[in-house]
Q: 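Can you keep this structure in mind? I'll have questions shortly.
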Number of protein chains: 2
Amino acid sequence: MGRLWLTPREQTAWRTFINTLPELNAAFEADIAPHGLTMGDYEVLVLLSEAAGTRLRMCDLAAALRLSPSGLTRRLDGMVRNGWVSRVACSGDRRVMYAMLTTQGSKKMESAAPDHVASVRRHFIQPLGSDGINQMCDLFGAVKSHLEESRSA
Amino acid sequence: MGRLWLTPREQTAWRTFINTLPELNAAFEADIAPHGLTMGDYEVLVLLSEAAGTRLRMCDLAAALRLSPSGLTRRLDGMVRNGWVSRVACSGDRRVMYAMLTTQGSKKMESAAPDHVASVRRHFIQPLGSDGINQMCDLFGAVKSHLEESRSA
DNA sequence: CAAGAATAGTTGCGAACACAATTAAGATTT
DNA sequence: AAATCTTAATTGTGTTCGCAACTATTCTTG
């Protein structure tokens, strides 16, 4: 249980996992880059497109992206310059700024999404196979809920 | 096969996976931070400690870390300042600089390693369970070899 | 309702890193 | 052996992002 080192099998699982992640990430970045997007930009577009009124408060968006407030401010700066997002003041609470998807941003998302989905299929879903999909749900579900328990403890 | 969207099951697998990663990463960073290390620093120490003569050529180290040459130069700058690593010229090839673990760096690694292993156990190995370990080997082995095939094609 | 606490967002600053250009040294070709 | 190509590392520059400080608003509490 509380062994000091990992067993060979555990080592393999761990090292395969952490060695694969950066390459997987690079593959997704490379596949979305032809659209002039980073994965970070794309995530913003997805979240806004799914939100009511295609807008989110900065603080909610930052939390969803796990980005610091200042990090989000600057990411949005770029996306506003590109015309994909606009800043909209909130009439009810004047501290709040909404990040809102523009028509251009919406079009950009719709043109990029099929390629991104194909990318996820090709690099992630297909290699797993249908059994692997189910296993992946269970495995990372377990890791995630364990993390959440740790945090609340 | 070449469907446009993901099935609900695939969505769950994918979203659980990408939502868990940043939190898992943050947990490892938080656990190593009390040693005054980032995970990046720790990876350097591990690679050097496993290398023959506790030293590696800059270019080999950069490749192993998937870091650009300049990125490694600057990461080592910090580690040299901290006394964990020293730069050693190579007599056989005077273009080459070795990054070499110092005694201090070796001690730092040995003091941090048990905590890091415990961290990996707690956040990754334990939640998976022993079946999960084997599944993880297979799943990421498949993803990784698929990525390698893509690259060579 | 006035004073302090909490919340939302931006800005200054610094750390980490990638890309391009540069320097230096080996390897190859003729 | 000279010219060229390749490899190794560093430095200049720009981007991205976090932390701390600041401003502006709203909420809370005596």
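Below, each value reflects all heavy atoms present in this structure, side chains not excepted, and no hydrogens, waters or symmetry copies.
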Q: Give a yes/no answer on whether the side chain of A:T73 brings an N or O atom under 4.0 Å of OP1 or OP2 in C:dG9.
A: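 Indeed not, no polar side-chain atom of A:T73 lies that close.
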Q: For B:L65 and C:dA16, what is the distance between atoms CG and C1' respectively, to the nearest whole Å?
A: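 Taking CG of B:L65 and C1' of C:dA16, I get 14 Å after rounding.
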Q: Rounded to whole Å, please give me the gap between CG in B:L72 and P in C:dC19.
A: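 Taking atom P of C:dC19 as the reference, CG of B:L72 is at 15 Å.
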Q: Under 4.0 Å: is that the gap between some side-chain N or O of B:R75 and OP1 or OP2 of C:dA16?
A: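 So the side-chain polar atoms of B:R75 never come under 4.0 Å of the phosphate oxygens OP1 or OP2 of C:dA16.
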Q: Please tell me if the side chains of B:I32 and B:T38 come closer than 4.5 Å, counting only heavy atoms from C-beta onward.
A: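 B:I32 vs B:T38: side chains apart.
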Q: Grab the CE-P distance between B:M39 and C:dC17 for me, whole Å please.
A: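 Nearest whole value for this atom pair: 13 Å.
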Q: Indicate yes or no: at least one non-hydrogen side-chain atom of A:Y42 is less than 4.5 angstrom from one of A:H35.
A: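 Counting from C-beta outward, A:Y42 and A:H35 never come under 4.5 Å.
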Q: Are B:M100 and B:V96 co-members of a hydrophobic cluster defined by side-chain heavy atoms under 4.5 Å apart?
A: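 Looking at the clustering, B:M100 is in a separate group from B:V96.
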Q: Take atom CZ of B:R57 and atom P of C:dA24, then tell me their distance rounded to the nearest Å.
A: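 My rounded result for the distance is 20 Å.
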Q: Heavy atoms of chain A, cut-off under 4.0 Å: which first and last nucleotide of DNA chain D, 5' to 3', fall inside that, if you could look?
A: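 Contacts span D:dC17 to D:dT26, reading 5' to 3'.
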Q: Rounded to whole Å, how long is the line connecting atom CG of B:D93 with atom P of C:dA27?
A: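 Nearest whole value for this atom pair: 6 Å.
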Q: Between A:R66 and B:L56, who's closer to the 5' end of DNA chain D by nearest nucleotide?
A: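 Closest to the 5' end, via its nearest nucleotide, is B:L56.
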Q: Between B:R122 and B:D31, does any side-chain N to carboxylate O distance fall below 4.0 Å?
A: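 Between B:D31 and B:R122 there is a salt bridge, with a charged N closer than 4.0 Å to a carboxylate O.
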Q: Looking only at side-chain atoms of A:R95, point me to the closest of C:dG9, C:dG26, C:dA6.
A: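 Within the option list, the nearest is C:dA6.
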Q: A:M97 CE to C:dT7 C1': how many Å, rounded?
A: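 Going from A:M97 (CE) to C:dT7 (C1'), I get 16 Å.
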Q: Between A:D93 (side chain only) and A:R95 (backbone N and O only), is there a donor and an acceptor less than 3.5 Å apart?
A: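 Looks like yes, one N/O pair under 3.5 Å.
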Q: Could you give the CG-to-C1' distance, from B:D41 to C:dA16, as a whole number of Å?
A: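 The distance from CG of B:D41 to C1' of C:dA16 comes to 11 Å, rounded to the nearest Å.
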Q: Centroid separation under 6.0 Å, is that true for the rings of B:F28 and B:F124?
A: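 No; B:F28 has its ring centre 6.0 Å or more from that of B:F124.
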Q: Please tell me which of A:R94 and A:T38 maps to the more 5' nucleotide of DNA chain D, matching each residue to the nucleotide holding its nearest heavy atom.
A: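 Between the two, 5'-proximity favours A:T38.
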Q: Over all strands shown, is B:R74 touching base, sugar-phosphate only, or nothing at heavy-atom distances under 4.0 angstrom?
A: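 Base, at least one base heavy atom under 4.0 Å.
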Q: Pick base, sugar-phosphate or nothing for A:L67, based on heavy-atom distances below 4.0 Å to the nucleic acid.
A: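 Sugar-phosphate contact only - A:L67 comes under 4.0 Å of backbone atoms but never of a base.
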Q: Name the residue from A:L61, A:V85, A:L101, A:V88 that meets the side chain to side chain contact (heavy atoms under 4.5 Å, CB included) definition with A:R55.
A: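 Testing each of A:L61, A:V85, A:L101, A:V88 against A:R55, the sole residue satisfying side chain to side chain contact (heavy atoms under 4.5 Å, CB included) is A:V88.
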Q: In this structure, how many angstroms lie between the C1' atom of C:dA15 and the CG atom of B:N82, rounded?
A: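 Spelled out: CG on B:N82 to C1' on C:dA15 is 13 Å.
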